[in-house]
There are 2 protein chains.
Amino acid sequence: MLREDVTDAIRAAVFEELAAVGFARMSIEGIARRAGVGKTAVYRRWKSKLSLVLDLVSAFAAQGLPAPATGSLYGDVRALLEVASHALRHPVASQVIPDLLVEAARHPEISDAIKAALLDSQQGVAALVVRDAVARGELPESTDPDRALDVIVGPLYWRLVVVRAGLPEGYLDELARSAVAALRA
Amino acid sequence: MLREDVTDAIRAAVFEELAAVGFARMSIEGIARRAGVGKTAVYRRWKSKLSLVLDLVSAFAAQGLPAPATGSLYGDVRALLEVASHALRHPVASQVIPDLLVEAARHPEISDAIKAALLDSQQGVAALVVRDAVARGELPESTDPDRALDVIVGPLYWRLVVVRAGLPEGYLDELARSAVAALRA
DNA sequence: GGACGACGAGACGGTTGCGTCGCGACGTAA
DNA sequence: TTACGTCGCGACGCAACCGTCTCGTCGTCC
């Protein structure tokens with residue numbers, strides 16, 4: 001029987017190592033070292049660096065994304081931005097996510113896993129939000145949910161991950177208002 | 001006298017290698033191999049992998065970014081999106097840019113170089129566009145140029161680099177309309 | 001209390017890249 | 001013609017990591 005605490009320690013170490021050096025530089029030796037574990041313990045569970053990371057991403061996907069239902073488009077958008085900004089302001093996550101996105105272009109398995117773990121659920125939530133807004137008459141029926149997602153999270157991702165600028169007081173409110181106006185256009 | 005054609009071959013190889021394997025995995029040996037050049041020729045010009053890349057980014061910065069002046073906010077925004085989408089659809093650039101952005105978090109020198117090469121000029125252009133629009137009465141004086149940049153290029157970057165989805169016919173027009181509406185909100 | 005299996009540690013040969021050095025070939029400028 | 005500097009090539013010792021293996025230890029079931 002594999003010891004659960006060892007498994008958890010390895011998973012945590014992978015996460016930290018991924019943030020510290022990135023997928024490309026990450027080594028099994030480094031993970032074992034950080035976890036305070038023998039290399040054997042790692043190889044007994046996963047067969048490669050790639051499977052380790054895929055496992056981690058899948059675990060993340062299992063969490064799911066809460067679908068907001070605040071009763072107004074603005075409220076839903078604001079709630080989405082709140083959740084996304086929490087995730088992207090986490091220093092480890094904000095390093096790991098873009099790193100894996102870059103690697104995804106080179107490893108189809110990573111690409112698929114991320115798509116399943118993040119994009120699909122995000123697109124699902126966006127589709128729900130748009131559907132509700134259309135039902136309330138807040139948006140035209142022709143609204144494309146994918147474009148909605150672009151307009152809602154794009155500016156936030158750009159600011160937090162690309163520019164790496166802070167979020168001034170009330171900025172999420174502004175972004176939410178902007179997004180609603182953009183969707184109505 | 002260092003031979004110019006050799007220098008150019010190395011620079012080109014760095015660019016290709018950066019796109020193929022990323023900064024983390026990039027090696028001087030690989031660059032020399034790809035350029036058809038001895039390692040000596042590389043070390044004679046640059047002292048490390050980092051200086052090679054910094055040199056490349058600086059060269060990119062020297063190009064500058066053309067400031068649109070179409071006479072309308074929509075026109076300016078549309079022009080900005082056009083330029084940005086051309087850059088981000090280039091398969092090599094769309095691999096190299098996010099890769100360097102991720103590495104920037106670990107190497108302050110890269111961060112500074114990218115800031116000087118891309119963000120500063122983008123922010124400058126955005127400031128000009130906003131200023132003109134304010135002068136025409138298209139935007140309120142209180143408009144924050146940085147937020148304008150977030151709202152204009154964020155959705156495009158998200159779609160092209162993060163989601164890696166295509167650009168349907170007329171999508172840039174939609175994005176431009178959305179951005180204008182968002183800025184007016 | 002004995003058998004079993006996972007554990008950490010670390011040795012193993014192999015691969016890759018590091019940065020330096022020496023080689024003979026080539027081109028250019030005195 | 002001679003002298004010099006760069007060229008491609010490849011060897012050098014060093015370091016890190018690969019994936020496999022063999023230890024002796026420890027905890028848990030039967």
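Computed over heavy atoms, backbone and side chain alike; hydrogens, waters and symmetry mates excluded. Since the structure is predicted, the reported quantities are computational estimates derived from the model, not experimental observations. Note on naming: letters A, B, ... go to the chains in the order of the sequence lines (proteins, then strands), and numbering restarts at 1 for each one.
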| said: What I want to check is whether an N or O donor and acceptor connect the side chain of K39(A) with the base of dG8(C) at under 3.5 Å. | reply: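 Not at all, since no donor on one side and acceptor on the other fall under 3.5 Å apart.
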
| Do T40(A) and dA9(C) have a side chain to base donor-acceptor pair shorter than 3.5 Å? | yes

So, does [X] get its side chain near the phosphate of [N], meaning an N or O under 4.0 Å from OP1 or OP2?
X	N	result
R45(B)	dC7(D)	yes
R25(B)	dG17(C)	no
R33(A)	dC17(D)	yes
R44(A)	dC7(C)	yes

Grab the [atom1]-[atom2] distance between [X] and [N] for me, whole Å please.
X	N	atom1	atom2	value
L50(B)	dG19(C)	CG	P	12 Å
L2(B)	dT28(C)	CG	C1'	14 Å
I10(B)	dT6(D)	CD1	P	13 Å
D8(A)	dC7(C)	CG	P	12 Å
I28(B)	dT20(C)	CD1	C1'	13 Å
I31(A)	dG8(C)	CD1	C1'	17 Å
R3(B)	dT28(C)	CZ	P	9 Å
K49(B)	dG19(C)	NZ	P	10 Å

| Quick one: does NZ or CZ of R159(A) land under 6.0 Å from the six-membered ring centre of Y171(A), within 45 degrees of the ring axis? | yes

| said: Regarding G36(A), tell me which of base, sugar-phosphate or nothing describes its non-hydrogen contacts under 4.0 Å with the strands shown. | reply: sugar-phosphate

| query | Taking the side chain of Y43(B) as its heavy atoms from C-beta onward, which of dC7(D), dA6(C), dT20(C) lies nearest to it? | reply | dT20(C)

| task | Identify whether the distance between the nearest side-chain nitrogen and carboxylate oxygen of E17(B) and R25(B) falls below 4.0 Å. | result |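 Not counted as a salt bridge, because no side-chain N and carboxylate O are separated by less than 4.0 Å.
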
| Basic-acidic side-chain contact under 4.0 Å: E103(B), R106(B) |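 Between R106(B) and E103(B) there is a salt bridge, with a charged N closer than 4.0 Å to a carboxylate O.
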
| request: Assign each of E29(A) and S27(B) to its nearest nucleotide of DNA chain C by heavy atoms, then name whichever residue's nucleotide is nearer the 5' end. | output: E29(A)

| request: Measure the shortest side-chain to side-chain distance between R45(B) and V6(B) over non-hydrogen atoms and say whether it is less than 4.5 angstrom. | output: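 The answer is yes; the side chains approach within 4.5 Å.
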
| note | CG (L101(A)) and CG (D99(B)) are apart, to the nearest 0.5 Å, by 12.0 Å

